[in-house]
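Chain naming here is simple, since letters A, B, ... match the order of the sequence lines and numbering starts at 1 in each.
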Amino acid sequence: MQITQLRLNDFRNYTSAELSFCEGINFIQGHNGQGKTSVLEAIYFLCLSRSFKTQDDTTAIRFEMPYFDIEGRFRTSSLEMSVRTICHRTEGKSVLIDKKRLDRLSELVGKFPSVVSSPEDVQIVSGSPGNRRRWIDIALSQMHGVYLKDLQEYRQALRQRNALLNSPVIRSDNLDVWDKELAQTGAKIIRRRIDFLKSFSGLAEQVYRQIAADKETVDMEYKSSIAGSEILSGWTEAGSTEKIQKIFLEQLRFGREREIQRKLSLFGPHKDDVVLLLNKKSIRDYGSQGQLKTMAIALKFAEFLYMADRLEQKPLLLLDDVFSELDWDRRTHLMNYLENAGQVFLTSADEGMKFDTQKTIRYFSVEEGRFLEQG
Amino acid sequence: MQYTSESLERLINEFSKLPSIGRKTAQRLAFHLLKQPKEDVLVLSKALADIKEKIGRCSVCFNVTEQDPCVLCTNPKRDRNTICVVEEANDVLAIERIDQYRGQYHVLGGLLNPLDGIGPDDLKIKELLLRLNGNVKEVILAINPNVSGDATVMYIAEKMNGIPVKISRIARGIPIGSDLEFADMTTLTRAMEGRVVL
Ligand SMILES: [Zn+2]
């Protein structure tokens, strides 16, 4: 899959811009704050109707403008289509595929798979658990439509249950069914996440070792709020979704008093975490700055390889300022991955950066929200 | 914007309060009625008044009716062994339209929904359980497959535990998130046929 053309209107510092891309590597050079990352952000927005820079979409609207309007032409092996996203300051956003408005934004997810690697990713490794949950949820949603559907059902059940815990009178037979509903939908989420980590961690280790040129071990453990402090990965070997559901329900029964007191659902996949281990130690607690950064990049490259292997098309690879802080050896290792990637977008402040590659390559430079293509 | 007639403006305002009617459609409807003969408009206004004066709820099945019990509950040709449980009265219409089901109905008047403050006591669940005397052999839950629907089904199934009545739910042939009301007839027919025992 590739994006051949992009149009931006009132997106970040672009008043209006049109660009055409090549099918290989698109290298966007510019000083900080000139708008090179915004191109990646816009492409990501078209693929997933969200930003990787912010949770508040309206911050991507150009200063004092009412909305942004962006459009891209996508080409897969069999068809071509246009995706347009309009985001209003007050009225929210809408997505049109070939001029037809989607009823639900979630219909978009998975149609145009993409993986972004950016300096913010270090938050996945060292930030709060919410960052890791978001990362895993977006990755799984792009690969399995049913995961996103389950996740939305779980969130609905969670909202309903929280409303009940917050109401003045709580009938226990009523809370019982919302316990079951939460456990039923939540167990599917937990199960998928554990299965993913099991098959993914080996790949992450492989990529980490290649970038770091070292023999470090990488492991991932799913730490679930439904199992106290226990690590879940162990008991899924024998376990099924039904078993997770049973443990979930036991935890809810056990913690009911506390949840009623706090008026909040305290257990479930919305409270879970993934522990990333480097050489058997939590990287979040013991990792050096360099190790955190390498891990952040390794996670995304491994995610790309994982998705490319499981999907019929190679995801778009968006690399925001990834090379700047790496030494020469690590850059070379990363470049090897690009040879087998599909379409790649790469930003850097480094003017003299040239590539030795078999792929087609197009250079852009950007200055104050305007483009100059350089052959 | 200024209207030259206050009555017209009032009518347009009232129309635009209705679901899925915008300002433009409201205006079109109002001007359409203005052109109709007086008798036709009076027939419409009487029909509107009647829905509040004559229509009530059936004390057995809680469907909308002008007589109590309703014609579905009193029709001797209808099977008394099965009760089909639905969320709202318009779901009864949807199922009657496929002309395949010949049993009784029970309208819950909503689904469990804590966000809207709806709990078991706000639904006609107790009344359903009271109907499960000797005659009834099967309860079919024709309830939309969403989170609230699932919770309501679980609640009813829990309460029917120990009552010797078969309980089934219509198959999930209906697209997730869409309403029974909008399901096409073939889908609904297949869903009724393919119900699963709980
Ligand atoms: Zn009746």
(message) Report, in residue-number order, which members of residues 256-265 of chain A are under 4.5 Å from chain B by heavy-atom distance.
(response) none
(request) Spell out the residues in residues 152-164 of chain B that have some non-hydrogen atom less than 4.5 Å away from a non-hydrogen atom of chain A, in order of number; otherwise answer 'none'. (result) B:Met154, B:Tyr155, B:Glu158, B:Lys159
(message) I need the contact set between residues 166-182 of chain A and chain B: heavy-atom distance under 4.5 Å, sorted by residue number.
(response) A:Arg171, A:Asp173, A:Asn174, A:Val177, A:Trp178, A:Lys180, A:Glu181
(message) Taking CD in A:Glu312 as the centre, count heavy atoms belonging to other residues, nucleotides or ligands within less than 6.0 Å. Is the count above 12?
(response) no
(request) Nearest 0.5 Å please: distance from the CG atom of B:Asp150 over to the CD atom of A:Glu153. (result) 6.5 Å
(message) Report, in residue-number order, which members of residues 104-129 of chain B are under 4.5 Å from chain A by heavy-atom distance.
(response) B:Leu112, B:Asn113, B:Pro114, B:Leu115, B:Gly119, B:Pro120, B:Asp121
(message) More than 12 heavy atoms of other residues, nucleotides or ligands under 6.0 Å from OH of A:Tyr67: yes or no?
(response) no
